[in-house]
Every structure is written in C-alpha cells, then in structure tokens.
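Keep in mind that the numbers below use all heavy atoms, side chains included, and drop hydrogens, waters and symmetry copies. Lettering of chains follows the sequences in order, A, B, ..., and the numbering in each one begins at 1.
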Number of protein chains: 2
Amino acid sequence: MNIGQAATASGVTAKMIRYYESIGLIEPPIRTQAGYRVYTAEEIHELRFIKRARTLGFSIEEARELLALWRDKSRASADVKTFAMKHVRDLETKIDELQAMSRTLRHLAQTCHGDDRPECPILADLALPDARQPPAEKKRGKAKTHADCTCDEGDTFSRRH
Amino acid sequence: MNIGQAATASGVTAKMIRYYESIGLIEPPIRTQAGYRVYTAEEIHELRFIKRARTLGFSIEEARELLALWRDKSRASADVKTFAMKHVRDLETKIDELQAMSRTLRHLAQTCHGDDRPECPILADLALPDARQPPAEKKRGKAKTHADCTCDEGDTFSRRH
DNA sequence: GCTTGACCTTACCATTATGGGAAGCACCAT
DNA sequence: ATGGTGCTTCCCATAATGGTAAGGTCAAGC
C-alpha cells in the first residue's frame with residue numbers, strides 16, 4: 001500500500017498524508033528500499049479516522065487529541081463526550097454568527113428594489129457612519145497628537161457616537 | 001488623521017489598513033513630510049465601509065466589488081442585490097454544512113454514556129471503516145502496482161464499500 | 001535492454017486575513 | 001535632551017490545502 005493507494009483508500013490526499021506525517025499527526029510509515037512510503041491497514045484506518053474527524057469540523061489539533069483518546073484504551077467516555085460537546089458549541093457559535101450575517105443581509109436585500117436605479121439600502125447600510133458594532137475600546141486619552149496634518153477634519157470624528 | 005486614529009475611527013487595525021493599501025483595496029493616502037500616512041474623512045468612511053462588509057462576512061475581494069458598486073453612482077440596485085443574495089446563499093451553504101456536523105456529533109454524543117468506561121460511540125463512529133462520505137472518484141484501473149510492498153493487505157481495501 | 005507513463009520523492013510557493021515583532025525614525029511633552 | 005508613544009518598513013507565523021518542478025522508480029511493452 002503506497003501513498004497513492006493509501007490516499008484513495010482513506011480519502012486523504014497524498015499531499016495531506018505527507019503533511020500529517022510532517023507535523024507528527026501520524027507516525028512515519030516504513031519505506032521501501034527506494035524510499036516509497038508503505039502503509040499498513042492499521043495506518044489506513046488511522047487516516048480514515050482523521051478524515052472523518054476533519055469532516056466533522058474538528059481541526060487537525062483536535063483530531064490529534066481524538067486520536068490520542070482513540071488509542072488510549074482506558075479513556076473515559078466522559079472525556080470524549082465533553083470534547084465532542086465542546087466542539088458542538090464551537091460549531092453552534094459559528095452557526096449563530098453566520099446566521100446573524102445572513103439575516104442582516106437578507107433584510108437589507110428585502111428592502112432593496114433590485115431594479116436599474118442606483119438607490120440601494122444595502123450599500124446605504126454598509127456606508128453607515130457607525131453601526132455601533134464592535135466594543136473596541138482603546139486606552140487613549142484625547143487622541144489629538146498629530147502634527148502637520150493636512151486633512152480636513154470637521155466634526156467627522158466626534159460623530160462616532 | 002494619521003493611521004492610529006484612522007484605525008480607532010474605522011474599527012480597522014493600522015496593520016490591516018496598510019495591508020488594504022498594499023493590495024490596492026484602498027488608495028495610498030497622502031503622506032506628511034515625515035512619511036506618515038494622513039487620512040481624510042472620506043477615506044475613514046471607506047474604511048468603515050470595508051469593515052462593515054467584512055463584518056457581514058464578505059471576503060476582501062467581495063468588499064472590493066462592493067466598494068466599486070458604492071463608488072459607481074450609476075450602478076443598478078439590482079446588481080447590488082444580486083451580489084448580496086449570492087453571498088447570502090454562500091453563508092447558508094456554510095451554515096448547512098456546520099449544522100450537519102453539529103447534528104451528527106450531537107446524535108453521537110447523545111448515545112455516549114459519558115461515564116468513566118471507555119466504550120464510546122463517538123470514537124466508534126470516527127473509526128468506522130468507511131462512512132461512504134465523499135464521492136471521490138479517481139480514474140485508475142486495478143491499482144495494484146506496488147513492488148516490494150511489505151504490508152499485510154488482507155481484504156482491507158476491497159472493503160471500501 | 002530501452003523507452004514510456006504512471007507513480008513516488010523532496011522542496012518550494014501560493015492561498016486568506018490577520019497578528020506579532022524588530023529596527024529605526026518622528027513627534028511631543030517635560 | 002530625554003523618554004514615551006506612534007509611525008515606518010520588513011519579515012515571520014498562523015491553518016489547511018493545492019500546485020509545481022526536478023528528479024528517482026517501477027512495471028510493462030517493444
């Protein structure tokens with residue numbers, strides 16, 4: 001079983017198999033005299049495990065931990081479950097974020113005529129002076145230190161509400 | 001308005017502002033004699049536009065197109081709407097993927113006792129021989145070309161369904 | 001034996017968007 | 001003059017993957 005066949009058998013590309021080896025996710029397999037990597041059924045199984053974990057959205061580092069749990073025959077299933085549920089929460093956080101984006105855009109698009117006139121609430125929203133999104137507070141005093149500034153600054157910046 | 005202030009005013013870090021300039025997303029601002037970048041209110045506005053687009057999940061390249069539409073006073077709102085809805089579909093595709101992952105993991109976790117015993121359906125699933133996920137078809141014949149292969153290959157590979 | 005094509009090897013580069021740091025100059029207040 | 005903060009550029013790193021190039025290998029056909 002050399003790498004190309006390991007790839008089709010596991011669903012992990014040859015490129016990625018070598019990569020996983022390079023980062024120590026999998027052990028270096030034995031080699032033929034010519035230097036070809038040779039994989040055992042066991043190793044293919046491991047690759048498939050990794051593939052499945054990736055498909056479920058686990059990062060490579062998370063896959064590494066899952067592999068460790070898998071190999072540890074004395075693990076407690078509670079540990080696996082905790083780990084999995086943590087990931088579920090991560091996924092759902094991400095889902096919520098994406099849904100918020102989608103919802104906002106959908107609303108905006110709904111109010112957009114979508115004809116050949118230029119007026120567009122979508123662009124209008126994007127161009128809002130400040131949609132009070134991020135609570136990005138910085139520790140800075142008056143912030144008025146620039147010297148030979150040539151810019152025209154009206155009250156533009158006090159407008160950030 | 002030099003870069004630090006432009007950053008706080010727009011919500012885009014100074015690092016990113018320079019980056020956006022380097023990739024031509026924004027025009028290079030004028031400079032003081034000393035080489036300091038100086039931003040106009042207009043440019044801050046533009047940065048805020050970009051920031052908002054990014055917050056809504058548009059990629060930088062998409063933000064570039066939105067900026068172009070914004071600047072083009074003769075755009076048709078239909079174009080903007082189409083663009084936005086395309087993005088909404090992208091978002092929802094992503095959401096669906098994440099939800100599929102979440103659902104699967106949740107189901108698995110549900111059947112996991114989560115005690116101190118090692119038996120765990122989550123790991124068992126990950127270790128499944130082949131969960132017939134990807135339709136990864138490759139154009140290859142018998143695929144049995146290796147020479148001095150030392151691996152034990154039972155029927156392991158014919159097992160992939 | 002020699003050629004050919006498919007396969008393997010390593011090494012390097014690119015991607016996306018962002019952060020971090022170093023070295024050095026600029027500005028401003030004391 | 002000195003110090004602190006901010007600016008400059010340049011380089012590196014991240015996560016996971018794909019691509020390419022240059023070269024060795026293997027099996028098969030002539």
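Judged by distance alone, with hydrogens and angles left aside, the side-chain atoms of B/His87 form a donor-acceptor pair with the main-chain N or O of B/Leu56 at under 3.5 Å. Proximity of a side-chain donor or acceptor of B/Arg75 to a complementary backbone N or O of B/Leu69 within less than 3.5 Å is detected.
Classification of the B/Trp70-B/His45 ring pair by plane angle, with boundaries at 30° and 60°, yields perpendicular.
A donor N or O paired with an acceptor N or O is not found under 3.5 Å between the base of D/dC26 and the side-chain atoms of A/Tyr36.
In this structure, A/Gln33 places its CD atom 18 Å from P of D/dG24, rounding to the nearest Å. With rounding to whole Å, A/Tyr19 atom OH is found 12 Å from D/dG18 atom P. In this structure, A/Asn2 places its CG atom 13 Å from C1' of D/dA27, rounding to the nearest Å. Protein atom CZ of A/Arg31 is 6 Å distant from nucleotide atom P of C/dT9, rounded to whole Å. At whole-Å resolution of the value, CD1 in A/Ile50 and P in D/dT17 are 11 Å apart. B/Ile17 places its CD1 atom 13 Å from the C1' atom of D/dC7, with the value rounded to the nearest Å. Atom CE in A/Met16 sits roughly 13 Å away from atom P in D/dA15 (whole-Å rounding). Here D/dC26 presents its C1' atom at 16 Å from CD1 of A/Ile3, a figure rounded to the nearest Å.
Ranked by how close their nearest DNA chain C nucleotide is to the 5' end, B/Ser59 and A/Gly35 are led by A/Gly35. Heavy-atom nearest nucleotides on DNA chain D were determined for B/Glu21 and for A/Arg54, and the one closer to the 5' end corresponds to B/Glu21.
Comparing C/dC27, D/dG18, C/dG21 against the side chain of B/Lys15 picks out C/dG21 as the nearest. Checking D/dG18, C/dA17, D/dT25 against every side-chain atom of A/Ala34, the shortest atom distance belongs to D/dT25.
Taking only side-chain nitrogens and oxygens, B/Thr13 never comes nearer than 4.0 Å to OP1 or OP2 of C/dT18. Between A/Tyr20 and D/dA16 there is no side-chain N or O to OP1 or OP2 distance below 4.0 Å. Side-chain N/O atoms of A/Arg37 include none lying less than 4.0 angstrom from OP1 or OP2 on C/dC8.
A 4.5 Å side-chain heavy-atom check between B/Val12 and B/Tyr19 finds every atom pair outside the cut-off.
The line from OG of B/Ser102 to NE2 of B/His107 is 9.0 Å long, rounded to the nearest 0.5 Å.
Nucleic acid contact for A/Arg18: base, since at least one base atom lies under 4.0 Å from a heavy atom of the residue.
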